[in-house]
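One structure below.
Residue numbering restarts at 1 for every chain, and letters A, B, ... go by the order of the sequence lines. The model shown is predicted, which means the values in this text are computed figures rather than measured ones.
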Protein chains: 2
Amino acid sequence: MVRQPSINAQNRAPLSIERIIDAALRIVDGQGLSRLTMRRLGDALEVEAMAIYHHLPRGKEQLLDGLVAHVAAAPATPGGAGGAWREDLRGWARDYRTRLLAHAGVLPLVVTRRNPAALTETVVSLREVMRRGAVPEDAAAVAAHALLGYVIGHAALEVRGTAEDGADRAVDWDARFDAGLDLLLTGAG
Amino acid sequence: MVRQPSINAQNRAPLSIERIIDAALRIVDGQGLSRLTMRRLGDALEVEAMAIYHHLPRGKEQLLDGLVAHVAAAPATPGGAGGAWREDLRGWARDYRTRLLAHAGVLPLVVTRRNPAALTETVVSLREVMRRGAVPEDAAAVAAHALLGYVIGHAALEVRGTAEDGADRAVDWDARFDAGLDLLLTGAG
DNA sequence: ACCTGAACACCGTTCAAGT
DNA sequence: ACCTGAACACCGTTCAAGT
């Protein structure tokens, strides 16, 4: 009789980088970044913390790098169905913002020096949209960083919940994000 | 004979919140955020770590809040000498970026949920510049958050050192920041 | 190959005690 | 009022050992 390969002697699936990152992301989203410890992560995976090091030799650094890669990766580029590249950029920015806000606990890690490669793919995907719109290369370079910076920075402001000056009336962040985006896309004319 | 009040029995100046924050900032700037521990901070101040809690009852949380307040506070608003409010905004943004980059290690803390009040003063100072330019209030609200988000996000990209797509040629971040700023200020017409 | 258990150096913080 | 010293619960990580 053949043992099922996905069930080991202790009757649980073997560890994998994907499962580790998934569990870590669930802890950060649910309890905050400061609650992510190797020991707690081990508990969530029903394994001793030290087992994680077998899959992530660089330890917690590598774990955090993985979280950044997962969250900061480019959103699916909208199908470039002709003409409306400006609308494509708007969609790109909205999708990316949504992803960042869905994992707000990881945002501080995105801002850290770690994992330099994590955002290059993202910039590439932005530049592609612009190339389809025949934006000149040097203007596109500026616009890409400006747009990406705006999205990340605005997400940071939202997470912080910056109060309005003086009055404490609520801010409609969705509307405000779109309005700022328009400012930027107008200038990128 | 009167003892000098600034020298205590152990021949050193007494602790104060200002001295503590200063020393902490020096550690973060010089060695990075992860090297900032209460024990090391105590060493830098030539005091036992536990003495710090007497001045910062909320402990390390309060210390980090203080760092954010120090770095994210508004830059000195340029003297509003009539007309050129758009130039004032540009100057404001450049000054603020310079401050953020001078304390890049604190940037992740700015992005964290901590110290909600830290940026309100900053938004106020931005809104003042716009009010001098007679920008309508609702347009100013959008522009202020857009500009602040852009500056913070762009600084984050710079600190990370996002590589150019494909090629690894160096990026002139100063020029790129100014160009993106122009995009935004053009849209804020 | 993959995981465990004990151990080490280091955290943040509390609390009673000193001056 | 201000600081110290010892202690506690918890980290990340190493390493020898198990299967």
B/Arg176 and B/Glu158: CA distance, side-chain angles, deciding distance, side chain to side chain contact (heavy atoms under 4.5 Å, CB included) verdict:
CA-CA 10 Å; B/Arg176 186 144 295 183; B/Glu158 295 186 56; over 6 Å; no

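Nearer the 5' end of DNA chain C, as judged by each residue's closest nucleotide, is the contact made by A/Ile52, out of A/Ile52 and A/Arg39.
Proximity note for A/Met50 (side chain, C-beta onward) versus C/dC11, D/dG12, C/dA7: the nearest is C/dA7. In this structure, of D/dT13, C/dG12, C/dT4, it is C/dG12 that holds the atom nearest to the side chain of B/Tyr53.
With ring centers used as reference points, A/Trp173 lies 6.0 Å or more from A/Phe177.
Atoms NE2 (B/His54) and P (D/dG5) sit 16 Å apart, rounded to a whole Å. Separating the CD atom of A/Glu48 from the C1' atom of D/dT13 is a distance of 14 Å, rounded to the nearest angstrom. Across the protein-nucleic acid pair, B/Arg35 atom CZ and C/dA9 atom C1' stand 13 Å apart, rounded to whole Å. Here C/dC11 presents its C1' atom at 14 Å from CG of B/Leu63, a figure rounded to the nearest Å. When rounded to the nearest whole Å, the span between CG of A/Leu15 and P of C/dA1 equals 16 Å. Taking atom CZ on B/Arg19 and atom P on D/dC2, their separation rounds to 13 Å, with Å as the unit. Atom pair B/Leu56:CG and C/dT13:P shows a separation of 10 Å (rounding to whole Å applied). Between B/Ile20 atom CD1 and C/dG12 atom P the separation is 14 Å, expressed in whole Å.
Counting heavy-atom neighbours within 6.0 Å of B/Arg58 CZ, excluding the residue itself, gives a total above 12. Within a 6.0 Å radius of NE2 in A/His55, other residues, nucleotides and ligands contribute more than 12 heavy atoms. For NE2 of A/His70, the number of neighbouring non-hydrogen atoms (other residues, nucleotides, ligands) closer than 6.0 Å is 12 at most.
Salt bridge status for A/Arg97 with A/Asp174: present, with a side-chain N to carboxylate O gap under 4.0 Å. Contact check on A/Glu87 versus A/Arg90 returns a salt bridge, with a Lys/Arg side-chain nitrogen under 4.0 Å from an Asp/Glu carboxylate oxygen.
A/Met38 comes within 4.0 angstrom of sugar-phosphate atoms only, judged by non-hydrogen atoms across all strands, and of no base.
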Dot-bracket notation for DNA chain D is requested: 5' to 3', Watson-Crick or G-U wobble pairs only, both distances under 3.5 Å, with ( ), [ ], | and . as defined.
||.|||||...|||||.||

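An OP1 or OP2 oxygen of D/dC3 is reached within less than 4.0 angstrom by a side-chain nitrogen or oxygen of B/His55. One finds a side-chain N or O of B/Arg40 lying less than 4.0 angstrom from the OP1 or OP2 phosphate oxygen of C/dC11.
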